[in-house]
Amino acid sequence: MINITLPDASVKQFNEGVTPLEVAKSISEGLARNVLSATIDGEIRELNTPLNKDCSLKLNTWNDEDGKKTFWHSSAHLLASAVQALYPDAKFGIGPAIENGFYYDIDFGKDVLTTEDFPKIEEKMKEIAKQGVQLVRREVSKQEALDWFSKRGEKYKVELIDALEDGTITFYESGDFTDLCRGPHLMDFSPIKALKITSLAGAYWKGDEHREQLTRLYAITFPKKKDLDEYLALLEEAKKRDHRKLGKDMELFSFSQNVGQGLPLWLPKGTDLRLRLQNFLADVQKRYGYLQVMTPHIGNVNLYKTSGHFQKYGKDSFQVIKTPNEGEEYMLKPMNCPHHCEIYRLMPKSYKDLPYRVAEFGTVYRYEMSGELHGLTRVRSFTQDDAHIFCTPEQLKEEFCKVIDIILYIFKTLKFEEYIAQVSLRDPNNKTKYIGSDEVWEKAESAIIEASAEKGLNTITEYGEAAFYGPKLDFMVKDALGRKWQLGTIQVDYNLPERFGLEYIGSDNQKHRPVMIHRAPFGSMERFVAVLLEHTAGEFPLWLTPDQFIILPISDKYEEYAQSVKRQLEEAGLRGEIDNRSEKTGKKVRDAEIKKIKYMLIVGEKEQAEGTVSVRVKYEGDKGAMPVADFAKLVNDEVKNELSANA
């Protein structure tokens, strides 16, 4: 007999060799029908895996992330099976599960796939799923794997196998399709009841723009048709909220091929919005004792070699800039932290000067592949709300907790109500990609775990997600559509102070090494604005929105009065504009709503005579006439209430 510990800490005894599916049946037939995979001692496995020793067991259903991951990973094999049946000459790359669904990178050779081909692939997928084709795992030697795929001309699989160690290679067979895969998978395709190929894109093999370009098919599957219908409705809503569309409608930002891919142009309204966000954070930082600094957009290559960023980001950065002086080389700044280390070094510090907090809205540059660029969320030039805290080891936890307070205040003010904190640690099985000793890593990781517990954060732990110089706490936020975004990060770093030789004189009159905290509550201004746009559907809070009002004169005769109203409102601290186009008032109202302007002020003969404005509120309709001063007070009170509610 073996002892199996379930998630509720109960222990059940079973005969050796029992499978997770049999354990599920012993609990209830309903669970057995819905279980998709099993997590055995922390590792996700198939339901037919024999259990031969005492272990912990979690049975994953569609309601568990690990269950969805298994479902979608298996669905990638279903997609590939259908493609192989319809396009026998297709060659396959990789097909992982992603946050929503999965994709498969495929070389279709001479065939050119379009969205018009989606229905026939979907029908083939449904046909295979209805047949309940099994997914059978088979361990193979490296030579057997190479022979199998070489014979079939699967060059991408052969390249993947070349990098694997013998004895670690497994195949999954589903009918006529065989794939190289670690698994785990569903036992068969029958649980897949609803499916949709959502899009296609070009994808360079291994992300290398000098390699072959494959066709990436994105798709999603569900155990119930109702789930698919809800997801498709969500996709339609996401299209309406696409920050690229809203940014254009609201005249916030743009891109120009003449300027370059991934280099955003902030328009006047977008610039004002961004500056309001920056000023909001700058005010918060001032209360917490930060000093504002500015650093150049470039730096000597040696600066980034000292920090390690050249080794880490060199291949993802713009080419080195050579000057007329022999051997003198510069780089566009990939990160702000090396510059801030140099600021710290300028003057001697004692323990009485710490913590020393410097903040900068610093623009950095990364050469993202053109296929990875996406609106403001993936760009080549972005501004981080960067700050670095240099403190004593004894001050570390308190300072870390204060940064958490800042991030939570921002989330509350901007109505990001659902989030979890991800404790991102280094991969204990692959320490070569990190710098620094085990001792300093253990100290840094302990500080993050203790501070998170002290603040009562809802946390998850992810190994292998740390920065190369230290562990971090990443805040994963859910937006209004339930999508997850990484916003806000705090990192503990013992390594850069060591690499830059940073010191302070302690109370013992001896030299000591400070600890460094990296933090960026917004992350980058570009990405944060994109997420905020999609989260709010462009309906920003009144304190932040580009235009708080728009004045709509009913004819040219009242334009002078409209200008007078605008001056009065601007003097009262409000923002807005006049729509003096020769259009009907109804069209002006509709256009104002597209621009997400809350207050529409209609002025005509009566309003001019009485010194009033007729107020129309988006989604609420007409609110009647009121004096200009009363309207200004109404807006200012609303702004004050928005900000004071979160103070």
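Heavy-atom basis, side chains included; hydrogens, waters and symmetry copies ignored.
Pairing each heavy atom of Leu277 with each of Met525, the nearest pair is CB-CE, 3.9 Å. Shortest non-hydrogen contact noted between Gly362 and Lys333 is CA-NZ, 4.4 Å. The minimum heavy-atom distance between Cys391 and Leu354, with the atom names listed, is C-CD1, 4.1 Å. Nearest heavy-atom pair, Ala537 versus Arg241, reported as atom, atom and distance to 0.1 Å: N-NH1, 3.6 Å. Taking all atoms of both residues into account, the shortest heavy-atom contact from Lys245 to Lys240 is CD-O, 4.5 Å. The shortest non-hydrogen separation linking Met250 to Lys596 is SD-CG, 3.7 Å.
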Check step by step if side-chain contact (heavy atoms from CB on, under 4.5 Å) holds for His297 and Tyr365. CA-CA 9 Å; His297 290 243; Tyr365 303 86; 2.8 Å; yes

The test is side-chain contact (heavy atoms from CB on, under 4.5 Å); show your working for Leu487 and Arg527 and say whether it passes. CA-CA 9 Å; Leu487 292 179; Arg527 191 165 181 273; 4.0 Å; yes

Please assess Tyr367 against Leu332 for the test side-chain contact (heavy atoms from CB on, under 4.5 Å), listing each intermediate value before the final yes or no. CA-CA 10 Å; Tyr367 189 78; Leu332 286 172; over 6 Å; no

Show the numbers, then the answer: is there a side-chain contact (heavy atoms from CB on, under 4.5 Å) between Ile197 and Thr115? CA-CA 9 Å; Ile197 301 175; Thr115 55; over 6 Å; no

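There is no side-chain donor-acceptor pair under 3.5 Å between Glu462 and Ser424. Side-chain N/O atoms of Tyr619 and Glu539 include a donor and acceptor closer than 3.5 Å. Side chains of Thr545 and Arg575: a donor-acceptor N/O pair is absent below 3.5 angstrom, by distance only. Residues Gln563 and Tyr558 have side chains that never bring a donor and an acceptor to within less than 3.5 angstrom of each other. Between the side chains of Gln422 and Thr459, not a single donor N or O lies within less than 3.5 Å of an accepting N or O.
Within the 4.5 Å cutoff, no side-chain heavy atoms of Lys349 are placed close to those of Pro514. For the pair Tyr290/Val284, no side-chain contact is recorded, criterion being any heavy-atom separation below 4.5 Å from C-beta on. When side chains are defined from C-beta on, Pro264 counts as touching Leu376, because their heavy atoms get closer than 4.5 Å. For the pair Pro334 and Val364, the minimum side-chain heavy-atom distance is 4.5 Å or more. Side-chain contact between Asp227 and Glu230 is present, with at least one heavy-atom pair separated by less than 4.5 Å. Inter-residue side-chain proximity for Asp405 and Tyr288 is flagged as met; some heavy-atom pair is nearer than 4.5 Å. Side-chain contact between Phe631 and Val565: absent, with no pair of heavy atoms (C-beta onward) separated by less than 4.5 Å. With contacts defined as side-chain heavy-atom distances shorter than 4.5 Å, the pair Glu607/Tyr561 qualifies.
By the 4.0 Å N-to-carboxylate-O rule, Arg590 lies too far from Glu593 to be salt-bridged with it.
A ring-centre distance under 6.0 Å is not found for Phe416 and Trp485. In summary, the aromatic rings of Phe528 and Phe522 are positioned with their centroids under 6.0 Å apart.
Stacking of Arg276 on the aromatic ring of Phe540 is not recorded, the 6.0 Å distance cut-off and the 45° axial limit not both being met. Cation-pi geometry between Arg366 and Phe318 is not met at under 6.0 angstrom from the ring centre and within 45 degrees of the axis.
Below 30°, between 30° and 60°, or above 60°: for Phe222 and Trp72 the angle between ring planes is above 60°, a perpendicular geometry. Below 30°, between 30° and 60°, or above 60°: for Phe390 and His388 the angle between ring planes is between 30° and 60°, a tilted geometry. Aromatic ring orientation, His339 versus Tyr304: tilted (interplanar angle from 30° to 60°).
For the side-chain contact (heavy atoms from CB on, under 4.5 Å) with His243, the qualifying choice from Leu532, Leu533, Leu252 is Leu533, the only one to do so. Under the side-chain hydrogen bond (donor to acceptor under 3.5 Å, both in side chains) test applied with Glu368, the options Arg378, Arg380, Gln261 reduce to a single match, Arg378.
Within a 6.0 Å sphere centred on CD of Glu620, other residues, nucleotides and ligands contribute more than 12 heavy atoms. Dense packing is recorded around CG of Asn279, with more than 12 heavy atoms of other residues, nucleotides or ligands lying under 6.0 Å away. In this structure, Glu605 places its CD atom where only 12 or fewer heavy-atom neighbours from other residues, nucleotides or ligands lie under 6.0 Å away. Other residues, nucleotides and ligands contribute only 12 or fewer heavy atoms inside 6.0 Å of the NZ atom of Lys196. Within 6.0 Å of the NZ atom in Lys618, the count of heavy atoms belonging to other residues, nucleotides or ligands exceeds 12. Atom NZ of Lys598 has more than 12 neighbouring heavy atoms from other residues, nucleotides or ligands inside a 6.0 Å radius.
Panel note: side chain Glu559, backbone Pro553; no donor-acceptor pair is recorded below 3.5 Å. Put simply, the side chain of Glu534 never gets that close to the backbone of Val531: no donor and acceptor are under 3.5 Å apart.
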